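Let me begin by presenting the structure, written as structure tokens, before commenting on it.
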Protein chains: 2
Amino acid sequence: MYTIGQVSEMFGLPISTLRYYDKEGLFPTMERKNGIRKFGETELEALRVIECLKASGLEIKDIKLFMQWCTEGPTTYPQRKELFERRREAVNEEMDQLRKTLAMLEFKCWYYDTAIAEGDEDRLQSMLPDKLPPDMQALYDIAHS
Amino acid sequence: MYTIGQVSEMFGLPISTLRYYDKEGLFPTMERKNGIRKFGETELEALRVIECLKASGLEIKDIKLFMQWCTEGPTTYPQRKELFERRREAVNEEMDQLRKTLAMLEFKCWYYDTAIAEGDEDRLQSMLPDKLPPDMQALYDIAHS
DNA sequence: CTAAAACATAAACCTAACTTTAGGTCAAGA
DNA sequence: TCTTGACCTAAAGTTAGGTTTATGTTTTAG
């Protein structure tokens with residue numbers, strides 16, 4: 001069993017954040033002794049899942065719902081599995097979006113590289129997509145799709 | 001030249017958002033006629049860049065700075081290029097993070113699939129990393145790295 | 001036993017990025 | 001002429017996800 005300060009160290013999270021998560025119902029079965037929180041293995045695994053679900057874009061109130069399901073035993077396995085599948089889809093979509101963003105950024109890096117090398121603004125300003133080098137045209141197409 | 005309503009349609013952005021961007025200084029050279037905003041090609045390209053930089057995680061106040069640089073001509077090419085390079089690095093790091101998140105999500109999907117199929121909570125609860133199937137162990141390792 | 005460190009709560013505060021509201025201008029069509 | 005629709009501003013409101021503050025209690029080290 002760990003204190004809030006120890007868990008704060010272990011996860012690199014402020015104590016205030018752990019208390020906030022608790023207040024929001026993210027540790028529904030956490031025990032206390034004289035009012036003092038006792039983090040067990042259940043809460044540590046909960047925190048790992050919280051970080052994952054947060055990184056996937058899930059809101060705190062929906063993470064709370066998931067944690068409730070975890071207290072209800074195997075009957076909620078299907079809901080839990082579906083939640084993770086929807087999160088997986090959401091993350092895949094976000095990665096697609098980031099790939100487009102990356103294409104745009106790489107195109108812009110190339111653009112300014114060329115502009116700096118040529119020291120000529122006007123020629124670049126009027127550059128048309130079909131006059132780009134093939135690899136840059138590919139990036140341009142991804143970025144503008 | 002387009003009105004704010006037309007641009008709102010074209011980009012799928014609320015009019016209020018476009019006005020907000022303007023107020024924050026994201027269209028430093030936009031013209032007006034009788035107080036009415038006139039969006040030109042410069043502003044449309046600005047909006048494409050804004051969407052890209054926002055998707056890369058840049059804050060509005062920093063996007064404003066970039067737009068200022070754009071009004072200052074070729075002397076700011078180096079700053080602009082460096083900004084895009086830092087954004088590229090940030091996006092690459094975010095994609096790495098998302099790959100780990102995805103590994104965790106896929107592991108959890110598999111976990112619940114197996115749990116539902118076996119209908120046995122306790123056997124899974126005590127599952128150790130080195131007893132997982134090889135492909136799941138790989139996911140587990142990525143997710144917990 | 002006592003002092004400091006670590007814990008606790010409730011409630012106010014914070015920030016970013018918008019959105020809504022209230023009130024006003026202006027151009028075009030019936 | 002009137003009224004409708006699209007535009008304008010300033011300022012207040014909203015939301016998520018915390019953080020800070022003020023105050024009080026418990027644990028721990030000497």
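This one's a predicted model, so the numbers in the text were calculated from it and none came from an experiment. In what follows, chains carry the letters A, B, and so on, assigned in the order in which the sequence lines appear, proteins first and then strands, with residues in each chain numbered from 1.
Taking only side-chain nitrogens and oxygens, A/Asn34 comes nearer than 4.0 Å to OP1 or OP2 of D/dT27.
The residues B/Arg32 and B/Asp22 are annotated as salt-bridged, a charged nitrogen and a carboxylate oxygen being separated by less than 4.0 angstrom. A/Glu106 and A/Arg99 are not joined by a salt bridge, as no carboxylate oxygen comes within less than 4.0 angstrom of a charged side-chain nitrogen.
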Query raised in the report: Could you write nucleotides 6-23 of chain D as a row of B, S and -, 5' to 3', where a protein heavy atom under 4.0 Å of any base atom gives B, of only sugar-phosphate atoms gives S, and otherwise -?
Result: -SBB-------BBBB---
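Identified under the ring pair (Phe, Tyr, Trp, His ring centres under 6.0 Å) test for residues 10-34 of chain B, with sequence neighbours left out: B/Phe27-B/Phe39.
Atom CD of B/Glu24 and atom P of C/dT15 are 14 Å apart (whole Å).
Applying the side-chain hydrogen bond (donor to acceptor under 3.5 Å, both in side chains) test to B/Lys108 and every residue at least two apart in sequence or in another chain returns A/Glu45.
Using the six-membered ring where Trp is involved, A/Phe66 and A/Trp69 have ring planes that are perpendicular, over 60° apart on the 30 and 60° scheme.
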